[in-house]
Amino acid sequence: MKVIVSGSSGLVGTALIESLRPDGHTIGRLVRSGSAATADATSRMIRWEPPTGSIDLAAMEGADAVVHLAGTSVAGGRWTAARKEALRRSRVDSTRHLVAGLAQLKQKPRVLVSASAIGYYGNRGDEILVETSAPGNDFLAHLCRDWEAEAAKAEREGIRTVILRFGIILAAHGGALQQMLRPFRLGVGGRLGNGRQWMSWVTLEDVVALIRYVLDEDSPRGPMNAVTASPVTNAEFTSVLAGVLRRPALFPAPRFALRIALGEMTDALLASQRVMPEKLNRIGYAFRHPQLKEALGAVLD
Ligand SMILES: NC(=O)c1ccc[n+]([C@@H]2O[C@H](COP(=O)([O-])OP(=O)(O)OC[C@H]3O[C@@H](n4cnc5c(N)ncnc54)[C@H](OP(=O)(O)O)[C@@H]3O)[C@@H](O)[C@H]2O)c1
């Protein structure tokens, strides 16, 4: 299979390519100028400039699948107006341009897998959220809604489109868990805010397996919650993480302190999202790491 990946130098992209490579797939990496991606012998670099929509379409001909993971980091700095604009452009505009490019191909890919996030649902307390739940009403929710709407246009081109609403992706070497590890390892970790907010999570290994599953199977399409069926409160997450690391969790980070340090991003950090993978449950999909304690043990091993 010829698979083209955007955001290929990121946490998920790197792991996906490492998984695809030994199975003999042909891999193309959409690479921006200024990307951290480095050339390697087993994948082809394909130029694209997300802000302008310029894409080397000739190099994309013959692709069976496109996995679109690109987007500047949500945690990469305070959400100033300029930063919010960059977050939107790198997701909503890049997706619009990518789908417009796919529409011009002589032979269109069979499937597009496009990233989204459970930030789609906003801050929802104890409500159980499934794919058909209404979107939230904050900045991230609007961003995810508009990002997904651009990806969904690929269906009109006859391309099966799967939108994966990722929860917190657990990996030791990147993402939110890596940020949490440092204070815990120093013995100054603790819950965030009041700890009652729900966290919906999935390991990086499961994310890669899930992407490969939706690439291979013909039926998955539309938005799918990419989280395990075991969301936990932040207090529980904190206590399990401290247990796995054999460190105390005595130092809560109060909301006001987070707000001073992080500004509006705090709302996303403390948002309560109790998300269930209803579509995956319905098709009997089995996660490799469905329970938090075992999952953290495996990730941090
Ligand atoms: N990690 C999580 O917990 C999580 C949770 C929910 C949703 N997601 C979403 O899932 C996707 C993949 O996640 P990830 O953790 O792999 O993200 P990541 O590590 O931040 O990687 C994203 C990649 O996007 C590309 N990128 C950076 N700035 C860009 C820009 N201005 N315009 C276009 N592309 C840009 C970069 O790849 P190149 O340099 O190779 O272009 C970067 O490596 C992201 O869209 C992310 O928002 C992740």
Side-chain angles (χ1 to χ4, degrees), residues 4-19 27-40 43-55 66-77 79 82-98 113-121 139-141 143-144 146-148 150-151 162-180 199-208 210-211 223-228 231 237 265 268-269 271 273 275 277 295 299:
I4 293 184
V5 183
S6 80
S8 68
S9 67
L11 181 70
V12 178
T14 304
L16 176 66
I17 288 174
E18 270 170 22
S19 157
I27 299 163
R29 305 171 67 182
L30 282 172
V31 177
R32 303 164 298 133
S33 47
S35 158
T38 45
D40 64 79
S43 58
R44 175 165 182 193
M45 309 289 247
I46 303 173
R47 279 262 152 238
W48 80 318
E49 295 307 333
T52 61
S54 140
I55 307 182
V66 176
V67 182
H68 179 39
L69 301 167
T72 190
S73 172
V74 171
W79 288 358
R83 181 92 201 125
K84 284 184 174 176
E85 189 49 31
L87 289 166
R88 278 190 69 82
R89 264 191 282 113
S90 69
R91 290 184 169 77
V92 183
D93 296 3
S94 81
T95 308
R96 181 185 314 121
H97 293 317
L98 178 63
V113 179
S114 193
S116 180
I118 59 169
Y120 174 89
Y121 300 109
F139 167 71
L140 266 194
L143 169 61
C144 292
D146 297 349
W147 185 15
E148 293 188 6
E150 294 299 339
V162 184
I163 294 166
L164 293 178
R165 291 182 183 153
F166 294 128
I168 299 164
I169 300 175
L170 301 181
H173 59 286
L177 181 62
Q178 185 194 34
Q179 302 293 323
M180 286 179 221
M199 297 171 69
S200 299
W201 59 273
V202 58
T203 63
L204 180 59
E205 184 186 338
D206 268 319
V207 163
V208 170
L210 179 56
I211 294 174
M224 301 185 95
N225 291 335
V227 293
T228 65
F237 189 97
M265 208 200 302
L269 189 66
Q273 287 152 347
V275 182
V299 165

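Atoms within each ligand, like the ligands themselves, are counted from 1 in listed order.
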Tell me which protein heavy atom sits closest to [atom], plus the residue, atom name and distance to 0.1 Å.
| atom | answer |
| --- | --- |
| atom 41 (O) of ligand 1 | R32 NE, 2.9 Å |
| atom 10 (O) of ligand 1 | F166 CD1, 3.5 Å |
| atom 45 (O) of ligand 1 | L69 O, 3.2 Å |
| atom 1 (N) of ligand 1 | I169 CD1, 3.6 Å |
| atom 15 (O) of ligand 1 | L11 CB, 3.5 Å |
| atom 7 (C) of ligand 1 | S116 O, 3.4 Å |
| atom 13 (O) of ligand 1 | V12 CG2, 3.9 Å |
| atom 23 (C) of ligand 1 | G7 CA, 3.7 Å |

Looking only at non-hydrogen atoms, which of [options] approaches [atom] most closely?
| atom | options | result |
| --- | --- | --- |
| atom 32 (N) of ligand 1 | A15, S8, S90, G174 | S90 |
| atom 28 (N) of ligand 1 | V67, T14, T72 | T72 |
| atom 25 (C) of ligand 1 | G71, G10, S200 | G71 |

*Taking ring-ring contact (aromatic ring centres under 6.0 Å, His included) as the test, write out the residues that go with F166, two or more places apart.*
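Residues passing ring-ring contact (aromatic ring centres under 6.0 Å, His included) with F166: none at all.
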*asked:* So if I count the atoms of ligand 1 from 1 in the order they appear, which ones are less than 4.0 Å from some heavy atom of A117?
replied: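 Under 4.0 Å from A117, ligand 1 has these atoms: 6 (C), 7 (C).
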Check if [X] has a non-hydrogen atom at a distance under 4.0 Å from any atom of ligand 1.
| X | answer |
| --- | --- |
| A171 | no |
| R165 | no |
| W147 | yes |
| G167 | yes |

*Counting heavy atoms only, which part of A115 comes closer than 4.0 Å to ligand 1: side chain, backbone, both or neither?*
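Side chain only; the backbone of A115 stays clear of ligand 1.
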*Side chain or backbone of R91 under 4.0 Å from ligand 1, or both, or neither, by non-hydrogen atoms?*
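Just the side chain.
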*Find the distance between CG (L204) and CG (L16) and round it off to the nearest 0.5 Å.*
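Taking CG in L204 and CG in L16, the distance rounds to 9.5 Å.
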*Pairs flagged by salt bridge (Lys or Arg N to Asp or Glu O under 4.0 Å) wherever residues 29-38 is involved - sequence neighbours left out*: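 Pairs touching residues 29-38 that pass the test: R29-D40.
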